[in-house]
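Taking it in order: structure first as structure tokens, then the write-up.
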Amino acid sequence: MPATPCAWASHPRCSRCVTTATSTCSMSTPARSCGTRCARRLTAARRAPSPSSRTSSPGVAGESQTNAPAGGVGAAGGGAASAPRVRFAPSPTGYFHVGSARAALYNWLVARQSGGTFILRIEDTDAERNREEWAEGIVSALHWLGMDADEGPYRQSARSARYAEAIDLLWSAGNLYACDCTRDEIDARNKAAGIATPGYDGHCRDRGLERVGPDGAGRALRFAMPPEGTTTVADVIRGDVVFPHEAMDDFVVVKSSGAPLFVLANVVDDVDMAITHVIRGEDLLPTTPRGILVWQALGAAGWEPEAGGGYPGLPVFAHLPLLVNEQRKKLSKRRDPVAVEDYRDKGYLPEAFVNYLALLGWSPHDGRELFTAGELIEWFRLEDVNHAPAFFDVAKLTHINGEYIRALPVDEFIERCRPWTGGGAHGGGTGTPAAGAAPWPAGSFDDAAFARMAPLVQERVATLGEVPAMVDFLFLDEPPVDPGDWAKVVEGDEGAAQILEAARAAFGALEGGGAGGGSGSAFDAETLHRVTQELAESVGRKLAKTQGPIRVALTGRRVGPPLFESMAVLGRDRVLARLDAALDRLARSAPAGPPAG
RNA sequence: GCCCCCAUCGUCCAGUGGCCGAGGACGCCGCCCUUUCAAGGCGGUAACACGGGUUCGAAUCCCGUUGGGGGUGCCA
């Protein structure tokens with residue numbers, strides 16, 4: 001097998017690495033990327049068994065098939081010659097999977113960094129997966145992430161005529177044969193043959209069945225595999241992956257209903273849409289050789305792509321490592337938090353989410369972990385993507401989200417909170433939790449009050465969804481008393497009543513803001529801090545221990561934004577009223593009196 | 001069963017034959033700061049799966065083992 005040049009078309013000087021497996025790429029920036037990966041691929045290629053077989057099957061020629069360009073970089077699909085055309089091709093499932101989001105991101109990055117086209121194609125050939133709102137959900141999730149498609153969304157369900165053409169063509173060319181075996185029959189034969197869990201045994205391959213049975217029912221159509229030889233997937237991330245044909249069975253390409261299956265529809269679309277780079281999950285790697293065979297069979301049969309311009313060479317492939325859970329298993333929707341919409345609703349910022357997604361399987365050479373989409377586009381390299389599955393770590397996502405929130409200008413932070421605070425109108429599009437998510441009555445939100453608290457809240461939350469609980473005490477008539485906090489910090493503290501009484505007196509002596517009365521001191525954070533400090537000294541406690549009961553009385557919880565600012569925003573009247581109420585409640589629930597003895 | 005992929009701290013990455021007595025980040029632990037909680041600062045914990053080989057020298061290259069994962073559908 002000849003040395004294989006790097007298939008990564010956009011790489012300006014990759015052809016330098018072609019010569020031998022030991023040659024070192026001399027390109028300067030970024031130094032490691034090209035030389036290393038190409039070296040990897042070359043060694044992988046050397047490992048591949050040399051093709052030797054020949055076939056007379058109805059399928060395509062049985063020689064070693066590969067998507068590696070034969071004569072140099074420029075031969076790989078349209079990828080090298082023109083701007084890349086990448087596609088994100090999810091099947092609608094009712095929600096947007098984080099793994100899909102990452103695949104979409106990597107595709108989007110390749111398009112953006114190369115002046116290419118990012119195409120969205122909904123793979124809904126399966127009638128069960130064909131709900132309109134599901135497709136809309138994909139579009140809106142992509143929009144939220146800032147990755148709008150340049151083309152599409154195309155719907156496979158709207159392209160059946162095209163698939164029918166391809167099927168007829170392949171049938172005429174002898175690549176397909178009809179099969180009327182049932183799954184049970186196949187299993188029975190395999191079992192009899194002593195094979196545990198096998199594929200199709202080729203039973204109908206030479207029976208010459210018609211596409212339609214005597215009863216008028218359609219038959220499934222299988223692709224006739226070349227019996228010998230191998231097909232090689234030249235993968236940008238993994239190098240050459242060789243699949244012996246003898247280990248692949250004759251796969252079904254058309255259902256008995258006449259509907260096309262994944263490999264067929266997927267390849268027809270990629271050809272028609274002139275896709276140059278196929279970037280998707282590693283779970284599709286084992287089916288890629290099938291797709292390559294179909295791609296080649298279609299070309300050999302004279303298929304004319306919708307896009308025109310002649311039949312395209314194979315696309316460049318890149319199979320991304322899977323995203324896994326703590327059990328190292330593929331993320332499952334049943335037990336793992338995989339819906340992007342849920343993260344959106346919890347208050348994760350799209351830019352933070354994208355940042356984290358990018359880090360799952362890739363990182364810039366300088367070790368930076370926080371970067372803008374623009375920097376990502378500039379630095380990202382598909383060939384630098386890791387090979388091993390990555391654990392989707394919500395804790396780290398959350399940390400990064402917190403970094404992004406804290407970096408926001410306060411004004412923007414306030415705006416971004418609107419979907420959760422309910423105050424004013426918000427721009428729509430990015431927002432999200434269901435309307436009325438805020439825990440207070442619609443009309444009681446006070447923009448000015450929230451604005452005063454915002455800087456303090458901003459540095460205390462890691463997600464926007466945590467914001468309401470930080471400020472709800474300001475917009476509710478009664479503080480939302482946490483039973484546990486009340487029991488521990490107020491009821492459980494023998495000095496609480498004394499502190500509350502003293503606080504009531506000290507704060508009451510301050511002016512409420514208007515003129516007249518009081519000590520002449522304003523009801524502001526600085527003064528409140530000083531007064532509370534004095535109060536603490538008078539009862540012989542530290543400020544930290546003193547503010548506890550007051551905090552719970554006023555805000556209902558023992559943790560929250562700084563107390564004195566909170567009190568200032570609350571205002572003198574409400575502070576005094578809540579202190580009274582707390583004293584009242586304490587008197588009723590826990591009759592005072594020192595414990596005996 | 002068969003085919004394929006993968007293997008550095010608990011996690012995500014850095015590492016591409018000597019600069020590695022392995023670096024960063026998240027998490028965790030401790031200290032500092034401090035009106036709670038965060039944030040921030042400082043310090044700490046913790047990994048090259050195993051065995052062979054190649055080499056003067058291997059986390060790095062090769063082979064094998066083990067382990068994990070994916071695929072094996074008239075799903076995608």
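Only heavy atoms go into these numbers, but all of them, side chains included; no hydrogens, no water, no symmetry mates. Below, chain A is the first sequence line, B the second, and so on; all start at residue 1.
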Counting heavy atoms from C-beta on, name the nucleotide in [options] closest to the side chain of [X].
{"X": "A/D249", "options": "B/A7, B/C12, B/G73", "answer": "B/G73"}
{"X": "A/P286", "options": "B/G70, B/C5, B/C74", "answer": "B/G70"}
{"X": "A/F243", "options": "B/G73, B/U36, B/C4", "answer": "B/C4"}

Under-4.0 Å side-chain N/O to phosphate OP1/OP2 contact, [X] with [N]:
{"X": "A/R328", "N": "B/C12", "result": "yes"}
{"X": "A/K330", "N": "B/G71", "result": "yes"}
{"X": "A/R551", "N": "B/U35", "result": "no"}
{"X": "A/T287", "N": "B/U72", "result": "no"}
{"X": "A/H387", "N": "B/C6", "result": "yes"}
{"X": "A/K329", "N": "B/G70", "result": "no"}
{"X": "A/N386", "N": "B/C12", "result": "no"}
{"X": "A/K396", "N": "B/U11", "result": "no"}

Please give the distance between the [atom1] atoms of [N] and [M] as a whole number of Å.
{"N": "B/C26", "M": "B/U65", "atom1": "C1'", "answer": "33 Å"}
{"N": "B/A7", "M": "B/A39", "atom1": "P", "answer": "34 Å"}
{"N": "B/U54", "M": "B/G64", "atom1": "C1'", "answer": "15 Å"}
{"N": "B/G70", "M": "B/C63", "atom1": "P", "answer": "25 Å"}
{"N": "B/C33", "M": "B/G18", "atom1": "C1'", "answer": "44 Å"}

Can a salt bridge be assigned to the pair A/R183 and A/D187 using a cut-off of 4.0 Å between side-chain N and carboxylate O? yes
Side-chain donor-acceptor pair under 3.5 Å between A/N401 and A/Y343, yes or no? no
Do A/D240 and A/T232 have side-chain N/O donor and acceptor atoms under 3.5 Å apart? no
Of all of residues 538-546 of chain A, which get a heavy atom below 4.0 angstrom from RNA chain B, listed by number? A/L543, A/A544
Below 4.0 angstrom, which residues in residues 256-270 of chain A have at least one non-hydrogen atom near RNA chain B? A/S256, A/L261, A/F262
Within a reach of under 6.0 Å around CD of A/E526, are more than 12 heavy atoms found that belong to other residues, nucleotides or ligands? no
Can you tell me the pairing partner of B/A39 across any strand shown, Watson-Crick or G-U wobble, with both distances under 3.5 angstrom? none
Under a 3.5 Å cut-off for both contacts, is B/C9 paired Watson-Crick or G-U wobble with anything, and if yes, with which nucleotide? none
Under 4.0 Å, counting only non-hydrogen atoms across every strand here, what does [X] touch: a base, just sugar-phosphate, or nothing?
{"X": "A/H319", "result": "nothing"}
{"X": "A/E565", "result": "base"}
{"X": "A/G548", "result": "nothing"}
{"X": "A/F391", "result": "sugar-phosphate"}
{"X": "A/G194", "result": "nothing"}
{"X": "A/P561", "result": "base"}
{"X": "A/L397", "result": "nothing"}

All pairs passing salt bridge (Lys or Arg N to Asp or Glu O under 4.0 Å) where residues 387-399 of chain A contributes a residue, at least two apart: A/E369-A/K396
Which residue is it: A/F564, A/F523, A/F507? I am looking for the one with a ring pair (Phe, Tyr, Trp, His ring centres under 6.0 Å) to A/H529. A/F564
Nucleotides 39-47 of chain B: which of its N/O atoms have a protein N/O under 3.5 Å away?
from  : atom 1 : to     : atom 2 : distance (Å)
B/A39 : O3'    : A/R406 : NH1    : 3.3

Quick one: salt bridge (Lys or Arg N to Asp or Glu O under 4.0 Å) partners of A/E534, sequence neighbours excluded? A/R530
When rounded to whole Å, the CZ to C1' distance for the pair A/F392 and B/U11 reads 13 Å
Do the numbers put A/R222 on top of the ring of A/Y200, so that NZ or CZ is under 6.0 Å from the six-membered ring centre and no more than 45° off the axis? yes
For A/R557, the side-chain hydrogen bond (donor to acceptor under 3.5 Å, both in side chains) test, sequence neighbours excluded, returns A/D472
